Amino acid sequence: MMSTRSYRLIWSRLLCHSHVKTKLRKKNSVLLAFSNVRYFRQPAAETHPHLISVGEVTPGLTVKEFYNRRCNLVRSALKAFQGVKSTEHHLFVFPSATTAYMSTDIPYVFRQNTDFLYLCGFQEPDSLLLIKAHSSSLQTGEHEAILFVLKKDPEKELWHGPVSGADGAAVLTGVDAAFNSNEVEKYLHYYIKNHKNYVLWYNHTQPVHADFNNRVVSQLMKDPRHKYLENTASLLHSLRVHKSTAELRLMQKSVDIAAEAFVDVMKFSKPMINESQLWAKMDFECRMRGAEFLAYPPVVAGGNRANTIHYITNNQVVLDGEMVLMDAGCELHGYASDLTRTWPVSGQFTKAQKQLYNATLRVQEECIKMCTKAYSLDEIYTKMLHLLGEELLLLGIISAHTPPPQQLNILRKICPHHVSHYLGMDVHDTSTISRGIKLQPNMVVTIEPGIYIPADDFSVAPEYRGIGIRIEDNILVSESEPVNLSASCPKQAEEIEDLLSSR
Ligand SMILES: [Mn+2]
């Protein structure tokens, strides 16, 4: 919490700031406003001092951080072209997302394109980021970053609220220049006229903005003067997979919010509750703690429905004696958390539930220990299958008489998904990064083994049928031991029973 005094301090600082700006406005008409404070489409230090500090583009991330990201991008790209003839000039094109509509005039919640957001922090639709670099910037990553953004339009702003406009976008993000988006074609026309050979960097296999793609970038791609067309997807992923200190701070916060919300949801659960109510409670508790929204439609699955891995219907009643599996996480200032817990709504595990639960938990804890530089996610997955096999043999769910290759098939049915994925701005983050590479410090991954035994699996003893369990934590890979970012979310069977008995 912030004291009244610190609020006053911030405001007095801001007022000084806006006094200077007022002068600027009169002189250059750089900044406008109907009051001292200019409103943007996204939080800014001026308008949302409770969220964002002076010098930050988005909460927790400074102008410098975004500049460094673009420098890293340029360095990596230029490195790939070191020694390649006539590739002095590099042009990177990153369109933003556009608004998607569910029906006439009714938009879906806007979510910015991740790569675009990573490179400039600008939260408006229908924008485009251009980065221009020269091969001489191999060491420094020096570049010019130019944003093209929605033009200010009083009539539209009357309905939808203010947009930042070109001047505002430059002030907000610290890019080198910003223009109205209707200028982008002219700008590029001028660029290609003046560059004989250049490397065009653009995600052409998955264009994120149809209009920019068809109207603007496809013209560039036809241009014979660009020498190489390079996809930006894996380049961006290779940068995003390593989290900076500021990013890790945000990820920890996102995970903390989800972990605390999970505790509240568990306590709120009871026999005969509807899955939709647990979903609503999770959404509420995350937002109450500052998250913008849930990072994905959560799985809230009572009883046998937990055996449908992507069950998101969440509209059934959870009966006494059943467990509920909830896979949920939130998005905080662009960073996702992704947790799963499974618990008995009655407050007490049955014997069979506890056996399967503890088996899953032991496997999960062993897999977490492997989140070090020594292993890849695929190696952890192989280990998970092996450990799961041992547990299920002990429980008699797999028979010792079954030949090993068949055992493996059964195991792949009992846990049909991988044990992990990378986590970051996207839930299934940096998807072009192979799970076959060794883990590296500052990567964040999930560890999420599961045991799923459908109600109609007659090969298994009746007490185990209709039980689906997954336990998922978010793990930071470090130079030494793995750090469990979600360690505060209870998962020992006894801890969960204690927590539920306190309802
Ligand atoms: Mn996950």
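This structure is a prediction, so every number in the text was calculated from the model and none was measured. Just so you know, ligand 1 is whichever comes first in the structure, and atom 1 is the first atom listed for that ligand. Just so you know, residue 1 is the first one in the sequence shown, and it goes up from there.
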Margin query: Suppose the cut-off is 2.8 Å; how many protein N/O/S atoms fall inside it around the Mn ion (ligand 1)?
Written below: 4

Next item on the list: Using the ring of Y67 (Phe, Tyr or Trp, six-membered ring only), decide whether R70 places NZ or CZ under 6.0 Å from its centre and within 45 degrees of its axis.
Entry: no

Next item on the list: Determine whether more than 12 heavy atoms belonging to other residues, nucleotides or ligands lie under 6.0 Å from atom CE of M288.
Entry: no

Notebook entry, point to check: Which pairs with one or both residues in residues 493-503 pass salt bridge (Lys or Arg N to Asp or Glu O under 4.0 Å), sequence neighbours excluded?
Noted result: K354-E497

Notebook entry, point to check: Ion pair present between E479 and K373, side-chain N to carboxylate O less than 4.0 angstrom?
Noted result: yes

Notebook entry, point to check: Should K281 and D264 count as an ion pair when the cut-off is N to O under 4.0 Å?
Noted result: no

Notebook entry, point to check: Between E390 and R362, does at least one N-O distance fall below 4.0 Å, as a salt bridge requires?
Noted result: no

